[in-house]
Structures are given as C-alpha cells and as structure tokens.
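Worksheet for the structure shown next.
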Amino acid sequence: MTRKASRGAERLIRADLLGIEPYEPIVPLEVLSRRCGVPVEKLIKLDGNENPYGCSPRVRRALAKYAFYHIYPDPLHREIMGPLEKYVGVGQEHIVAGSGSDELIDLILRVFLEPKDKVINCVPTFGMYPFSTAVCGGRTVTVPRNTKYEVDVDGVKAAIDSRTKVIFIASPNNPTGNATPQKDILKLVETGIVVVLDEAYYEFCGQTVASLVPKYPNLIVLRSFSKWAGLGGLRAGYGIFPSNIAELIRRIKIPYNVNIAAMIAVRESLDDKAYLQGKVKAIIAERKRLSAKLKKQGLLSPLLSQANFILCPVVKGDARKIKEWLDKRGIFVRYFDKPLLNNMLRVSVGKPEHTDALIEALAKYKGGRDGREKGR
Ligand SMILES: Cc1ncc(COP(=O)(O)O)c(C=O)c1O
C-alpha cells in the first residue's frame, strides 16, 4: 500500500465536520428498562414529548393489513397530499412530506446554505437547528431569548448580515413551551431572510401561521405527526413552503424519503382526526392538572406551556439529582443545566396515572440543596 493510501480517508473528510457536536438522541425503552430494572411496559417515559396514548388504532389495523411492503413508496406521496391539503387549509403545491420534520430542517438548510452562511437560532430551543446547520456547512448565530423566553426580535434583526440565510423559530418552543406571537413572526418575515416557523406542537396550542405561507416568499412552516398523532417511531412530518421552494425541495430530496408505513399511518391518522383530537384534549387537560399538582407540591415551579410538556425550574434541590432519583424508579424526565435553563427539568405530559406516579415519587424525594438523596 502506498503511504497516501495508508493514511486512509481521514485527510479527505470535511475539516468542519470533525469537531461536530452530536445531537443528543433519546435512549431506547429496552436500554432504559435494563438500567433501572423496571419492565418496559411499566416505564413512565416523560422525556421525549411523545404521545402517551400512542397512535390511532386505525393505524395499527391498516399497517397489519397492507400487502405491498415490497414495493417502493410514491416519491410524491400522492395518497396523502389531498388529506394533508384539507388538514392544513393550504394548496398542496405548498406541501412536502418528510421523514419527520427533522428531515425537512436538513433539506431547508441544504437549499439555502453555502459554506459558512449563517443561521439564526433563538436559544434555548430545539437542538436540531444548530446540529443540521453544522452538518450542512453553515454557522449558527445565537440570539438568546429574554428571561420570559420570548424571541428577541430586535436582537435577531441586529444579528442579520449579508451571510444570514435562515432564522429558526419553534412555536410553541421546545423546551420552554411558549408560542411566539404572529406580530413578532411577521416582523422577522419583513427582514427578507427565510423564516422557518417550527410548529411541531401546533395541535396543543392552536396558533398557526400556515395560512400566511402563500402570501410570503420567505415563510416556511414545519409540522410533525410525532406529537399529536403519536407517530414518533414511524417518522412523518411535512413542511408548508412557498411553492417554488416546495418544488425545489421535491427535486433535491431522496426519492423515497417517506416510507410506506409512515404514509399509511398519516393517511389513517388524518382519517381518524376526531379520535386523535380527543387525545390531544386529554393531554391539554392533563397539562393543567400536572401543572397544578407540581405547583402545590413546591419542589418544581412549572412554567405555563402551550405544548405537551412543561418546563420546570427546580425550587429546592438539584435538578440532576431529582432526575437520577426518578430514573431509578422508572420515571424519565429531561434535565437541563445551561444558560437560561439552569437547574431545570422538562416533563412531558403523560396520562393521569403517570402524573400521579410522578407526584408520588417527587413527594418521597428528600434531597436538600446539596442534592444528597435522603428519601427512599
Ligand atoms: C421543536 C421541534 N421540532 C421538530 C421536532 C422533531 O419532529 P419530528 O419527530 O417530526 O422529526 C421536535 C421533536 O422533539 C421538536 O421539539
């Protein structure tokens, strides 16, 4: 082997990728179960903003019955475009489906970024924006939200320069749970930069700018079936784009980006909307009950949320210790300790029995400010 060959492909790798921070993904149920010794079916998973009621029963039935898994799926997703158009209320020339909204975040950045172009990220927010920006060779410009977690519109405007291509706003935002008012979104749209409004939690909030997309050449809305429809494991999302951008996204995406199972699941979910909306209502009601119970207990201080999770600053004690205490009991929540998210937990809203188990476990937690566990 020549010396050049023996050095392998390392020297050919994009230098900017070598230091990339990996996205912190969820831990699979089986691994969690092994770690805490609680059977999978008894785990209380409140760390992924997933839907505790699962998918519509019609999805399971349709998937079991389907006979053509050996045939490639339709790259243009024709079967679900009509139902999506009806659900969103915007013409299908504006809509592209993806393997979760995660895929659409990546595709949008591929469309707009040239190496070192800038993307504005209003932290704290969803971690995929800086991750996909880095993978696509862009640079993230961070504009912190204010202490109420509102987007700093003037700060975003001041951060824009000739290399700025995209602004990401999650509304409701993950992990803070608050939505961004339409007037603020429009102020950002007026800058002419591409504004991506990520409405993954739209169904728990009811506020959307989807109908404005056809009026603005630089507004994109992303939606997901992972949360309200309980399809996180099947990967289905969609974007609502100005039609010229939708057309380009269809051209550059991998052809079979939405698999047959996901497509069937989307079709059946939209056909069983009333059932799923009933579960969304139950989650919204439970959000209120969980928040009231946490407030009364006094260990955590739940913030107002318009999504299916609640961000909770810890009043007494150490968030990490509380998370570890809950982990051992088979209850999983998300823990943060970074600027604007110091000593906080994010709790996804589960079923009423999940709330009760969480409150009961927290009541037994006796860790002091030093975080030492004293309860059992
Ligand atoms: C704000 C936000 N956008 C997008 C996603 C990802 O959605 P999907 O499962 O459709 O890729 C999440 C998932 O947690 C999220 O919180």
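Atoms within a ligand are numbered from 1 in the order they appear, just like the ligands themselves. Numbers here are sequence positions counted from 1.
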- Task: Take Ile264 and Val59, measure what side chain to side chain contact (heavy atoms under 4.5 Å, CB included) needs, and give me the verdict at the end.
- Result: CA-CA 7 Å; Ile264 291 171; Val59 169; 6.0 Å; no

- Which residue pairs pass the side-chain hydrogen bond (donor to acceptor under 3.5 Å, both in side chains) test with at least one member in residues 16-26, sequence neighbours excluded? Arg14-Asp16

For residues 110-117, which side-chain donor-acceptor pairs fall under 3.5 Å, sequence neighbours excluded?
from: Arg110; atom 1: NE; to: Asp106; atom 2: OD2; distance (Å): 2.9
from: Arg110; atom 1: NH2; to: Asp106; atom 2: OD2; distance (Å): 3.0
from: Asp117; atom 1: OD1; to: Arg163; atom 2: NE; distance (Å): 2.8
from: Asp117; atom 1: OD1; to: Arg163; atom 2: NH2; distance (Å): 2.9
from: Asp117; atom 1: OD2; to: Glu114; atom 2: N; distance (Å): 2.8
from: Asp117; atom 1: OD2; to: Lys165; atom 2: NZ; distance (Å): 2.5

- Note on the structure: Heavy atoms of Ala307 and Pro172 approach each other most closely as CB-CB, 4.1 Å

- Task: May I ask you to check if Arg223 and Tyr202 form a cation-pi contact, with NZ or CZ under 6.0 angstrom from the six-membered ring centre and within 45° of the axis?
- Result: yes

- Message: Going by the rule side-chain contact (heavy atoms from CB on, under 4.5 Å), which residues pair with Val141 if we only count those two or more places apart in sequence or in a different chain?
- Response: Lys118, Ile120, Ala159

- Note on the structure: Output for ligand 1, non-hydrogen cut-off under 4.0 Å, lists Gly100, Ser101, Asp102, Phe126, Tyr129, Ala170, Asn174, Asp198, Ala200, Tyr201, Ser224, Ser226, Lys227, Arg235

